[in-house]
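Structure record follows, encoded as structure tokens.
Order of the sequence lines sets the chain letters (A, B, ...), proteins ahead of strands, with each chain counted from 1.
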Amino acid sequence: MVRVRFAPSPTGHLHIGGARTALFNWLFARHHNGKFILRIEDTDRSRSTEEYIESIIEAMKWLGLDWDEGPFRQTDRTEIYQKYAYKLLEEGKAYRCYCTPEELEERRQKAMKEGKPPRYDRRCREIREILDKPFAIRFKMPVEGETVVHDLVKGHVTFKNSELEDLVILRSDGTPTYNFCVVVDDYEMEISHVIRGEDHLNNTPKQIHIYHALGMNPPNFAHIPMILGKDRSRLSKRHGATSVLAYRDEGYLSDAVVNYLVRLGWSHGDQEIFTREELIKYFNLEQVGKANAVFDSEKLLWLNSEYIKLTPEDKLYELVKPFLIKECYLNEGDSIDLKWACKAIKSLKERCRTLKELAHAMRYYLLDYVDIEPKAREKYINTETIPIIKEITEKLAQLNDFTQDKIEKIFMDMVNERGLKLAQIAQPIRVVITGSTVSPGIYEVLEIVGKEKTLKRLRRIINAS
RNA sequence: GGUCCCAUCGUCUAGCCAGGUCAAGGACGUAGCCCUCUCAAGGCUAAAACACGGGUUCGAAUCCCGUUGGGACCGCCA
């Protein structure tokens with residue numbers, strides 16, 4: 001039975017890198033009909049917050065990564081870790097360390113200055129008597145030999161045990177540390193595969209020794225490459241939005257984000273766009289690459305536009321509604337005709353890359369009047385074009401059946417009668433109606449805007465000139 | 001500094017494990033053309049990569065070694 005977990009620490013929002021780790025775990029579980037477990041690693045009490053836990057859960061839900069067990073919280077399990085830590089202490093596989101954090105920090109700084117490895121010098125390892133001082137519990141790492149990590153992505157990776165440190169497993173305040181918790185939890189939760197970021201690869205041999213000391217068999221490991229920013233350094237705020245929820249708020253579809261993320265490090269031949277079902281069907285660890293990947297927001301934008309094109313209009317309306325309300329193009333309680341909304345969205349969906357853009361474009365369908373861009377006004381609304389606008393307005397006013405076909409006929413008749421280019425009529429009208437030189441086809445726009453609003457906008461311009 | 005990981009177009013990647021079919025394929029982005037009432041979308045075309053040096057071999061993007069470059073980790077953080 002495949003059992004995997006995602007174990008974020010709530011010291012920040014769910015970011016792009018964490019989301020991909022969660023996604024790979026989720027996909028692996030679903031592919032193998034296994035279980036996906038959510039575990040909150042909140043043993044860093046000073047930095048973990050409730051707010052972040054909720055934010056992470058919200059992001060997971062938004063991405064559609066549902067879990068089968070949890071969320072478990074390590075702070076609820078302190079006694080369990082203490083039990084195992086003391087077991088190791090009693091068996092002589094761990095020892096009391098009386099060095100204070102301040103002393104250790106001082107020695108670390110000194111070692112760094114002298115160019116020595118900043119590692120704990122094991123000075124408390126041989127103390128036999130029990131001192132009446134606060135202590136942390138340290139794990140006795142083997143001093144010689146080698147440890148091999150059999151990694152499903154990286155292959156066999158060998159570490160010299162002499163490089164491993166006697167790490168603290170229980171702090172002096174009785175709380176456990178990360179490297180100890182993971183081992184205990186992954187064992188107790190019967191995790192079969194640990195899929196996590198490559199930044200944990202160096203921790204793995206240490207964890208393997210803890211497993212052995214506890215008499216447990218280590219799980220399978222798979223360390224996936226990192227996601228880097230445009231400058232090839234670790235992805236951070238400097239590179240723009242890194243929080244998953246920020247992408248939701250910017251108008252990205254969760255399926256697009258998932259699709260983008262999965263292709264960072266994983267591939268299935270030349271295929272770029274996948275349904276969830278395909279992802280579950282095809283996902284495997286064999287096709288996960290070894291090299292780090294640079295996050296490319298342009299490609300995400302492209303994928304998002306592809307997903308917008310693939311999404312039916314009525315569904316898009318539901319998705320874009322919050323953005324319309326936020327931009328005040330629509331009031332909270334207002335109900336607009338769904339058929340009409342779909343028509344409006346259909347005209348715009350292949351011109352927008354995000355829901356935010358779509359909402360913004362919809363303003364000229366929803367509002368009574370629109371602001372006109374100064375440059376567009378200057379170029380297309382002047383003494384030469386006003387007569388044309390007037391003539392079209394009169395003809396449109398007489399049209400009872402305000403449909404695309406009929407509107408087109410009016411435009412074309414005028415083109416023929418007056419010997420004009422279509423653009424000479426279409427552009428000024430477009431500017432008056434949409435406030436911009438860019439929009440869907442003008443006949444389509446007019447039909448959707450409707451006779452009433454169209455005439456209102458045209459007449460206001462005519463009267464103002 | 002030590003240890004570990006990695007290396008195909010600007011970016012994501014296919015190909016590598018089982019060497020020849022690769023004068024290296026796809027996608028994003030970029031440029032041009034077509035379509036056209038504007039803008040997109042769509043169609044077509046183009047520029048663009050096997051980091052470098054050795055070796056093994058009849059033959060290397062593919063295997064080995066080294067160099068260089070990038071990343072990660074070395075906490076009573078996770």
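Protein atom CG of N202(A) is 12 Å distant from nucleotide atom P of A72(B), rounded to whole Å. Rounded to whole Å, atom P of C4(B) lies 22 Å from atom CD1 of I224(A). Separating the CD atom of E102(A) from the C1' atom of G75(B) is a distance of 13 Å, rounded to the nearest angstrom. Rounded to a whole Å, the NE2 atom of H156(A) is 18 Å from the C1' atom of C6(B). Rounded to an integer number of Å, the gap from L152(A) CG to C5(B) P is 16 Å. In this entry the distance linking CG of L167(A) with P of A78(B) reads 11 Å, nearest Å. Remark: P of G71(B) and NZ of K154(A) are 15 Å apart, rounded to the nearest angstrom. Rounded to whole Å, atom P of G70(B) lies 19 Å from atom NZ of K230(A).
Residue contacts for H200(A): at a heavy-atom cut-off of 4.0 Å it reaches a base atom on one of the strands shown. S436(A) comes within 4.0 angstrom of nothing in the nucleic acid, heavy atoms only. As judged by a 4.0 angstrom heavy-atom cut-off over every strand, C352(A) is placed among residues making no nucleic acid contact. Nucleic acid contact class of P440(A) (heavy atoms, under 4.0 Å, all strands): base.
Comparing C4(B), U38(B), G71(B) against the side chain of V157(A) picks out C4(B) as the nearest. You'll find that the side chain of S233(A) is closest to G71(B), out of C37(B), G71(B), G29(B). Checked against C77(B), C37(B), A72(B), the side chain of A423(A) finds its nearest nucleotide in C37(B). Counting only heavy atoms from C-beta on, R351(A) has its side chain closest to C39(B) among G71(B), C39(B), A41(B). With U3(B), C76(B), C37(B) as the choices, the nucleotide that has an atom nearest any side-chain atom of F159(A) turns out to be U3(B). Taking only side-chain atoms of E163(A), from C-beta outward, the nucleotide of A7(B), G2(B), G15(B) with the closest atom is G2(B). Distance from the side chain of Y443(A) is smallest to C37(B) among C39(B), C37(B), C5(B). Candidate nucleotides G29(B), A41(B), U38(B) were compared by shortest atom distance to the side chain of K309(A), and A41(B) ranks first. Across C37(B), U11(B), C76(B), the shortest atom-to-atom separation from the side chain of L104(A) is found for C76(B). The side chain of R138(A) approaches C76(B) more closely than any other nucleotide in the set C37(B), C73(B), C76(B).
The base of C76(B) is paired with the side chain of S172(A) by a donor and an acceptor separated by under 3.5 Å. A donor-acceptor contact under 3.5 Å is formed by the side chain of K299(A) with the base of C12(B). Judged by distance alone, with hydrogens and angles left aside, D270(A) brings a side-chain donor or acceptor within reach of the base of G25(B), the pair sitting under 3.5 Å. With hydrogens and angles ignored, no donor-acceptor pair closer than 3.5 Å exists between the side chain of R119(A) and the base of C74(B). Interface remark: the E272(A) side chain does form a donor-acceptor pair with the G26(B) base, using a distance-only criterion of under 3.5 Å.
Taking the six-membered ring wherever Trp is involved, the centroid distance between the rings of F283(A) and W266(A) falls below 6.0 Å. The distance between the ring centers of F36(A) and F6(A) does not fall below 6.0 angstrom.
Regarding contacts with the backbone of G71(B), every side-chain N or O of R232(A) stays at 4.0 angstrom or more from both OP1 and OP2. Distances shorter than 4.0 Å separate some side-chain N or O of R171(A) from OP1 or OP2 on A78(B). Between R47(A) and G75(B) there is no side-chain N or O to OP1 or OP2 distance below 4.0 Å. Considering only side-chain N and O atoms, R20(A) lies nowhere under 4.0 angstrom from the phosphate OP1 or OP2 of C12(B). Contact between the side-chain N/O atoms of S267(A) and the OP1/OP2 oxygens of A14(B) is found at a separation under 4.0 Å.
G42(B) is paired with C34(B) under the criterion used here, namely a Watson-Crick or G-U wobble arrangement in which both key atom distances are under 3.5 Å. Nucleotide A60(B) forms no Watson-Crick or G-U wobble pair with any nucleotide shown, as no partner meets the under 3.5 Å limit on both distances. Partner assigned to A27(B) is U11(B), using Watson-Crick or G-U wobble distances below 3.5 angstrom. With a cut-off of 3.5 Å on both pairing distances, the Watson-Crick or G-U wobble partner of A72(B) is U3(B).
Mapped onto RNA chain B by nearest heavy atom, W266(A) and T43(A) fall at different nucleotides, with W266(A) at the one closer to the 5' end. For the pair D296(A) and V168(A), nearest-nucleotide mapping onto RNA chain B gives the more 5' position to D296(A).
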Note to self: Go through it in stages, so that I can follow the logic: the residues are D185(A) and Q74(A), the test is side chain to side chain donor-acceptor pair (under 3.5 Å), and I'd like the CA-CA distance, side-chain angles, deciding distance and then a yes or no.
What the structure shows: CA-CA 8 Å; D185(A) 283 339; Q74(A) 291 186 323; 2.8 Å; yes
Note to self: Run R457(A) and V449(A) through side chain to side chain contact (heavy atoms under 4.5 Å, CB included) and show every step you take.
What the structure shows: CA-CA 10 Å; R457(A) 288 178 203 172; V449(A) 170; 4.0 Å; yes
Notebook entry, point to check: Hey, mind stepping through D121(A) and R123(A) against salt bridge (charged side-chain N to carboxylate O under 4.0 Å, His left out) and telling me if it holds?
Noted result: CA-CA 5 Å; D121(A) 58 11; R123(A) 63 174 65 190; 3.0 Å; yes
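Straight-line distance between the P atoms of G10(B) and C16(B): roughly 23 Å, to the nearest whole Å. A gap of 12 Å separates the P atoms of U56(B) and A60(B), to the nearest Å. A distance of about 10 Å separates the P atoms of U30(B) and A41(B), rounded to the whole Å. Between G25(B) and U68(B), the distance separating the two P atoms is 32 Å to the nearest Å. Rounded to whole Å, the separation between the P atoms of C22(B) and G15(B) comes to 15 Å. C63(B) and U8(B) are spaced 13 Å apart, taking the P atom of each and rounding to whole Å. Nucleotides C6(B) and C65(B) have their P atoms positioned 12 Å apart, rounded to a whole Å. C73(B) and G32(B): their C1' atoms are spaced 48 Å apart (whole Å).
Within the 3.5 Å criterion, the main-chain N or O of S48(A) finds no donor-acceptor partner in the side chain of D42(A). With hydrogens and angles ignored, the 3.5 Å screen pairs a side-chain donor or acceptor of Q82(A) with a backbone N or O of G174(A). Not one N or O on the side chain of R196(A) forms a donor-acceptor pair closer than 3.5 Å with the backbone of H223(A).
Under the side-chain contact (heavy atoms from CB on, under 4.5 Å) rule, F139(A) has a single partner from L170(A), L88(A), D166(A), V183(A), which is L88(A).
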